[in-house]
Protein chains: 2
Amino acid sequence: MNGFLGTYSVNMDEKGRLNVPSKFKAIMERLYDPNLVVAVMDNFLIAFPQKEWQVNEEKLNSLSGLDREDRQKMREFYSQASECELKSGKLLVPQFQREIAGLSKEVVLVGMSKTFEIWAGDRWNKS
Amino acid sequence: MNGFLGTYSVNMDEKGRLNVPSKFKAIMERLYDPNLVVAVMDNFLIAFPQKEWQVNEEKLNSLSGLDREDRQKMREFYSQASECELKSGKLLVPQFQREIAGLSKEVVLVGMSKTFEIWAGDRWNKS
DNA sequence: AGCATAGTGTCTTAATGTGTCACAAAGTGT
DNA sequence: ACACTTTGTGACACATTAAGACACTATGCT
């Protein structure tokens with residue numbers, strides 16, 4: 001089976017949870033790990049399955065911990081990330097990320113093979 | 001045996017499923033894999049058997065998941081693709097792809113050796 | 001402790017997706 | 001031309017999934 005593919009439009013509930021499409025859930029189950037790391041990228045979110053996140057983390061670790069710009073990049077990335085478990089097939093997006101990504105009700109999930117993106121419906125349609 | 005060849009006209013049912021011609025099915029069976037990845041190309045669809053798709057995926061994986069432009073390229077490609085299993089000899093085309101490709105009832109399947117294309121009947125006839 | 005807020009599990013309904021069957025059409029061999 | 005086989009169509013019943021509602025739990029605050 002392949003990675004995350006396709007574009008899905010889902011509705012977030014009042015508590016900030018969204019139903020992950022069954023195709024995406026199937027991939028998560030195949031990884032035997034319901035944990036995702038959700039990070040902020042510009043004005044949308046990226047969801048990494050745990051394992052993929054680790055790959056990324058290694059890439060970022062190759063940046064210098066002493067260079068000021070590198071540290072700034074790392075700081076932006078790590079400080080805005082959060083770990084989210086998939087519970088009862090639903091993903092709770094933390095409030096601060098919902099605000100950054102402008103998520104209200106209509107949300108678009110976009111498969112990107114190893115990861116998937118979470119967009120506010122209106123921003124996605126404009127881009 | 002050769003790859004996908006010829007042009008077939010088939011009818012989609014109300015749920016968006018189409019019967020794959022038996023010649024095409026035979027090729028899929030020879031690959032021991034009922035999985036297809038369907039991607040959007042302009043105003044029609046391309047169906048890749050799993051193995052063929054992986055060739056594409058490897059090319060895209062060399063792109064950086066953090067670079068903005070690379071992500072944009074990946075997004076165009078992945079967001080419009082979907083994995084479809086051949087079930088009971090039938091292929092369900094996801095709604096969003098049916099809309100993009102303008103598929104209603106009359107659909108034309110066109111063999112292209114390693115892959116095959118899926119066209120709306122009227123667009124095919126005009127082109 | 002009591003309250004407010006944030007997070008979680010579960011249920012119902014509606015929509016979507018799936019399997020199966022019977023019949024019709026097309027193709028094949030004699 | 002005929003019977004036989006294979007293939008495609010459409011119908012139907014059934015299964016799965018997503019949306020939304022609601023009640024319950026956990027947490028932090030005063």
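Remember, predicted model here, so these are calculated numbers, not experimental data. Just so it is clear: chains get the letters A, B, ... in the order the sequence lines come, proteins before strands, and each one is counted from 1.
The separation between A/Glu106 atom CD and D/dG20 atom P is 11 Å, rounded to whole Å. What separates CG of A/Asn11 from C1' of D/dG20 is a distance of 9 Å, to the nearest Å. Put simply, CD on A/Glu29 is 13 Å from P on D/dT16, counting in whole angstrom units. The NZ atom of B/Lys23 sits 13 Å away from the C1' atom of C/dA26 (whole-angstrom rounding). Between the C1' atom of D/dC14 and the CZ atom of B/Arg17 lies a distance of 12 Å, rounded to the nearest Å. Whole-Å rounding puts the B/Tyr8 OH to D/dG8 P distance at 8 Å. Taking atom CG of residue B/Asp13 and atom C1' of nucleotide C/dT16, one finds them 12 Å apart after rounding to whole Å. If you measure from atom CG of B/Leu92 to atom P of C/dA15, you get 18 Å, rounded to the nearest angstrom.
Residue A/Ser88 places no side-chain N or O under 4.0 Å from the OP1 or OP2 atom of C/dT8. Here A/Lys105 reaches the OP1 or OP2 of D/dG20: one of its side-chain N or O atoms lies under 4.0 Å away.
For A/Arg68, there are no side-chain contact (heavy atoms from CB on, under 4.5 Å) partners two or more places apart in sequence or in a different chain.
Counting only heavy atoms from C-beta on, B/Asn19 has its side chain closest to D/dT9 among D/dG8, D/dT9, C/dG9. Closest to the side chain of A/Lys15, from the set C/dG7, C/dT18, C/dT20, is C/dG7. Taking only side-chain atoms of B/Lys90, from C-beta outward, the nucleotide of C/dG17, D/dG10, D/dG20 with the closest atom is D/dG10. Checking D/dG10, C/dG7, D/dA18 against every side-chain atom of A/Lys25, the shortest atom distance belongs to D/dA18. Considering only side-chain atoms of A/Ser22, the nucleotide from C/dG17, D/dT17, D/dT7 that sits closest is D/dT17. Closest approach to the A/Lys87 side chain among D/dG10, C/dT10, C/dT8 is made by C/dT8 (side chain taken as heavy atoms from C-beta onward).
Counting only N and O atoms by type, the side chains of A/Gln54 and A/Glu58 include no donor and acceptor under 3.5 Å apart. For the residue pair B/Arg75 and B/Gln72, a side-chain donor N or O sits within less than 3.5 Å of a side-chain acceptor on the partner. Between the side chains of B/Gln97 and B/Ser82, a donor-acceptor pair is found at a separation under 3.5 Å.
Using a 4.0 Å heavy-atom distance criterion, A/Val93 is classed as making no nucleic acid contact.
Nearer the 5' end of DNA chain D, as judged by each residue's closest nucleotide, is the contact made by B/Val10, out of B/Val10 and A/Glu14.
Taking the six-membered ring for Trp and the full ring otherwise, A/Trp53 and A/Phe77 have centroids separated by under 6.0 Å.
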